[in-house]
Q: 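Got a structure for you, questions after.
Just so it is clear, the structure is predicted and the values come from calculations on it, not from any experiment. Note: hydrogens, waters and symmetry copies are ignored here, and every other heavy atom, side chains too, is used. Just so it is clear: chains get the letters A, B, ... in the order the sequence lines come, proteins before strands, and each one is counted from 1.
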Amino acid sequence: MLQVSNIRANKEKYIAALAKRNFDAEDIFTRVLQLDETRRSTQSRLDDTLAEANQLSKEIGLLFKTGEHLKAGALKEQSAQLKEASRSLSEELTDAVAKLDQLLYSIPNIPHESVPAGTSEEDNEEIFKAGDIPVLAEGSMPHWELAKKYDIIDFELGNKITGAGFPVYKGKGARMQRALIAYFLDKAATSGYKEYQLPLLVNEASGYGTGQLPDKEGQMYHVTEEDLYLIPTAEVPLTNMFRDQMLSESDLPVTCTGYTPCFRREAGSYGAHVRGLNRLHQFDKVELVRIEKPENSFAALEGMVDHVKELLEELKLPYRILRLCGGDMGFTAALTYDFEVFSTAQDRWLEISSVSNFETFQTNRLKLRYKDKDGNKQLLHTLNGSALALPRVLAGILENYQTPEGIMVPEVLIPYTGFDRID
RNA sequence: GGAGAAAUGGCAGAGCGGUCGAAUGCGGCAGUCUUGAAAACUGUUGAGGGUCACACCUCCGGGGGUUCGAAUCCCUCUUUCUCCGCCA
């Protein structure tokens with residue numbers, strides 16, 4: 001959520017920046033500033049009324065003490081009037097605040113200056129590419145066929161137990177998943193991230209804190225009985241651990257990681273792009289979260305990019321990095337780098353990581369701040385990135401490492417799997 | 001699931017319906033003393049809104065109520081603790 005004071009100070013600049021997301025902010029900013037004006041003047045009238053009422057109560061108290069009950073009775077009537085006035089003013093105030101919040105919740109984050117304008121993924125900017133795309137032998141298959149051939153992932157079984165998008169990993173497939181999780185967590189630990197095991201259900205306040213609510217309500221599974229949400233990413237519980245916190249300089253930066261299953265409803269997709277592991281309702285992911293001082297956040301973002309690069313290089317997967325354009329970037333992000341692995345058998349790129357800086361967009365909602373050396377309080381920056389999302393990494397490994405003798409295990413994973421080939 | 005008790009500032013812990021944003025202790029910060037540190041002593045120390053700065057307003061788990069006036073009384077929700085039951 002943007003800060004009203006920033007909108008006031010940077011209105012024109014923000015309008016231009018939001019145009020890169022194809023978001024027309026002109027009118028909405030005008031209404032925000034008007035409502036904020038209303039909010040402040042109503043607040044100030046309410047404060048005056050309350051101040052008067054407080055004063056009056058003190059006087060009445062004194063009069064009672066000195067036994068002047070008649071005078072006190074007269075003042076009581078005045079007090080009743082003030083009470084009536086403050087009641088209606090506070091209704092006005094609540095109303096103005098609610099309208100203002102609603103508007104603010106509907107405005108996406110301001111894109112960083114390096115974000116290209118654009119309307120779709122076509123306009124994303126490729127900034128890096130590495131790894132050799134293997135030349136596969138005759139008869140190579142997409143991962144869903146490999147999964148069946150070697151009996152390592154069973155989609156039908158998942159259909160039976162739950163429904164589409166909930167695969168069952170079996171035998172070496174299950175072991176491969178566990179190996180990847182352990183490998184990713186170990187790498188995160190080496191890079192200094194503290195590991196957490198987190199709740200998979202979160203409350204409404206957490207959903208608002210990281211920005212999944214109110215705008216992406218349809219993305220999450222909602223447990224209505226308890227009013228809880230299944231997490232779409234570990235970002236939600238990881239970041240919300242720090243909601244309503246005042247950190248000190250020495251706490252920073254905060255770096256944490258966690259492995260969790262992630263749940264996404266993702267209604268309305270179909271076809272080859274959601275085949276196999278390409279798009280699931282439940283999948284595993286190791287997530288990184290950083291909380292940084294504003295002046296360090298973009299350097300930290302580059303550091304996260306380097307971390308993810310290292311993973312892909314060790315796994316020896318061909319990948320590229322995209323800088324997302326305004327139209328493709330998530331609602332809450334100021335700058336996002338997507339990592340994609342080349343799926344040889346499908347002949348397409350698969351997104352396996354998204355690394356973003358949210359600047360103060362989340363911390364404003366989260367009320368996550370720190371006290372700097374001079375004792376000034378300011379909002380921190382939050383960042384997060386997948387390192388990595390498992391299913392598509394697995395798809396990439398299955399497809400790129402397939403040979404007539406079976407699927408070779410990337411060398412770096414062998415200590416974790418205990419086998420070097422799926423056959 | 002049943003029965004009781006509780007929720008106050010970074011922590012611990014007082015608090016008669018008015019002078020309580022809240023005693024006291026610890027911790028934090030600044031200073032005195034010291035070659036330096038510790039100890040001791042002195043001062044200072046919650047958050048949000050608002051203002052150029054004051055003033056002023058709000059906040060004692062959340063929400064509602066009683067009252068001229070609520071941390072203090074009532075209702076309700078949540079959480080924690082103790083006892084009983086059940087249970088991986």
Q: Go through the structure and list residues passing side-chain contact (heavy atoms from CB on, under 4.5 Å) with A/Lys76, not counting sequence neighbours.
A: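 A/Lys76 satisfies side-chain contact (heavy atoms from CB on, under 4.5 Å) with A/Ile60, A/Phe64 only.
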
Q: Please state how far atom CE in A/Met246 lies from atom P in B/rG9, giving the value in whole angstrom units.
A: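 Taking CE of A/Met246 and P of B/rG9, I get 15 Å after rounding.
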
Q: Sort out the partner of B/rA37 for me: Watson-Crick or G-U wobble, both distances under 3.5 Å, none otherwise.
A: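 By the stated definition (distances under 3.5 Å), nothing pairs with B/rA37.
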
Q: Please measure how far the P atom in B/rU19 lies from the corresponding atom in B/rU78, and state the result in whole Å.
A: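 Pairwise P distance, B/rU19 against B/rU78, rounds to 33 Å.
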
Q: In whole angstrom, what separates A/Glu204's CD from B/rU78's P?
A: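 In whole Å, B/rU78 P and A/Glu204 CD are 15 Å from each other.
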
Q: Do the numbers put A/Lys172 on top of the ring of A/Phe419, so that NZ or CZ is under 6.0 Å from the six-membered ring centre and no more than 45° off the axis?
A: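 Satisfied, under 6.0 Å and within 45°.
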
Q: Please report, rounded to the nearest Å, how far the C1' atom of B/rG49 is from the CG atom of A/Leu100.
A: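 Between C1' of B/rG49 and CG of A/Leu100: 14 Å.
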
Q: If I take atom CD in residue A/Glu37 and atom P in nucleotide B/rG50, what distance separates them, rounded to the nearest angstrom?
A: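 From A/Glu37 CD to B/rG50 P: 11 Å.
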
Q: Would you find more than 12 non-hydrogen atoms of other residues, nucleotides or ligands less than 6.0 Å from A/Glu113 atom CD?
A: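 12 or below, so no.
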
Q: Tell me which nucleotide, if any, is Watson-Crick or G-U wobble paired with B/rC83 when both distances must be under 3.5 Å.
A: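 WC or wobble partner is B/rG2.
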
Q: Suppose you measure atom P in B/rA3 against the same atom in B/rG21; what distance do you get, rounded to whole Å?
A: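 So the two P atoms sit 39 Å from each other.
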
Q: I'd like to check the side-chain hydrogen bond (donor to acceptor under 3.5 Å, both in side chains) partners of A/Glu359; sequence neighbours left out, ordered by chain and number.
A: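 For A/Glu359, no residue satisfies side-chain hydrogen bond (donor to acceptor under 3.5 Å, both in side chains) once neighbours in sequence are set aside.
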
Q: Take the protein atom CZ of A/Arg243 and the nucleotide atom P of B/rA47, then report the distance between them rounded to whole Å.
A: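 Taking CZ of A/Arg243 and P of B/rA47, I get 20 Å after rounding.
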
Q: Could you please name the partner base of B/rC52, counting Watson-Crick and G-U wobble pairs only when both distances are under 3.5 Å?
A: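 Partner of B/rC52: none found under 3.5 Å.
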
Q: Considering only the P atoms, how many Å lie between B/rG64 and B/rA47, rounded to the nearest integer?
A: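 25 Å, rounded to whole Å.
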
Q: Only one of A/Gln378, A/Glu249, A/His381 passes side-chain hydrogen bond (donor to acceptor under 3.5 Å, both in side chains) with A/Lys293; say which it is.
A: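 Looking at A/Gln378, A/Glu249, A/His381, the match for A/Lys293 under the side-chain hydrogen bond (donor to acceptor under 3.5 Å, both in side chains) is A/Glu249.
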
Q: Can a salt bridge be assigned to the pair A/Lys316 and A/Glu313 using a cut-off of 4.0 Å between side-chain N and carboxylate O?
A: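 Looking at A/Lys316 and A/Glu313, the cut-off is not met.
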
Q: Tell me: CD of A/Glu249 to P of B/rG28, nearest whole Å?
A: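 That distance rounds to 19 Å.
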
Q: What integer number of Å spans the C1' atoms of B/rA30 and B/rG63?
A: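 So the two C1' atoms sit 42 Å from each other.
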
Q: With sequence neighbours left out, write down each residue that passes side-chain hydrogen bond (donor to acceptor under 3.5 Å, both in side chains) with A/Glu310, or none if nothing qualifies.
A: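 Scan of A/Glu310 (side-chain hydrogen bond (donor to acceptor under 3.5 Å, both in side chains), adjacent residues dropped) gives A/Lys187.
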
Q: Which base, if any, makes a Watson-Crick or G-U wobble pair with B/rA22, both distances under 3.5 Å?
A: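 Partner of B/rA22: none.
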
Q: With sugar-phosphate meaning primed atoms plus P, OP1 and OP2, does A/Arg45 contact a base, only sugar-phosphate, or nothing at under 4.0 Å between heavy atoms?
A: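 A/Arg45: no heavy atom of the nucleic acid under 4.0 Å.
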
Q: Please give the nucleotide sitting opposite B/rG69 as a Watson-Crick or G-U wobble pair, both distances under 3.5 Å, or none.
A: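 When the pairing criteria are applied, nothing turns out to pair with B/rG69, so the answer is none.
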
Q: Which base sits across from B/rG43 as a Watson-Crick or G-U pair, both distances under 3.5 Å?
A: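 Because both required distances fall under 3.5 Å, B/rG43 counts as paired with B/rC29.
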
Q: Could you encode protein contacts along nucleotides 52-70 of chain B as a string, one character per nucleotide from 5' to 3', using B for base contact, S for sugar-phosphate-only contact and - for no contact, with a heavy-atom cut-off of under 4.0 Å?
A: ----SSS--------BBS-

Q: Rounding to the closest angstrom, what is the interatomic distance between B/rC74 and B/rU67 at atom P?
A: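 Nearest-Å result for B/rC74 against B/rU67 at atom P: 16 Å.
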
Q: Return the nucleotide paired to B/rG9: Watson-Crick means purine N1 to pyrimidine N3 with N6-O4 or O6-N4, wobble means G-U with N1-O2 and O6-N3, both under 3.5 Å.
A: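 With both distances under 3.5 Å required, B/rG9 matches none.
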
Q: For B/rU51, does either OP1 or OP2 sit under 4.0 Å from a side-chain N or O belonging to A/Arg40?
A: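 Result: yes.
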
Q: What interatomic distance, in whole Å, is found between P of B/rA23 and the corresponding atom of B/rU45?
A: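 It comes out at 11 Å once rounded to the nearest Å.
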
Q: For nucleotides B/rG69 and B/rU58, find the distance between their P atoms and express it as a whole number of Å.
A: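 It works out to 12 Å between them.
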
Q: Taking only residues two or more places apart in sequence or in another chain, which ones pass salt bridge (charged side-chain N to carboxylate O under 4.0 Å, His left out) with A/Glu26?
A: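 Scan of A/Glu26 (salt bridge (charged side-chain N to carboxylate O under 4.0 Å, His left out), adjacent residues dropped) gives none.
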
Q: Taking atom C1' in both B/rG13 and B/rA6, compute the distance separating them and give it to the nearest angstrom.
A: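 Approximately 14 Å lies between the C1' atom of B/rG13 and that of B/rA6.
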
Q: Could you tell me which nucleotide pairs with B/rC60 by Watson-Crick or G-U wobble geometry, both distances under 3.5 Å, or answer none if nothing does?
A: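 Paired with no nucleotide.
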
Q: List in chain and number order the residues that pass side-chain hydrogen bond (donor to acceptor under 3.5 Å, both in side chains) with A/Ser206, two or more places apart in sequence or in another chain; answer none if no residue qualifies.
A: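 A/Ser206 satisfies side-chain hydrogen bond (donor to acceptor under 3.5 Å, both in side chains) with A/Asn203, A/Arg243 only.
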
Q: Which sits closer to the 5' end of RNA chain B, A/Leu62 or A/Lys371, going by the nucleotide each is nearest to?
A: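 Taking each residue's closest nucleotide, the earlier one in sequence belongs to A/Leu62.
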
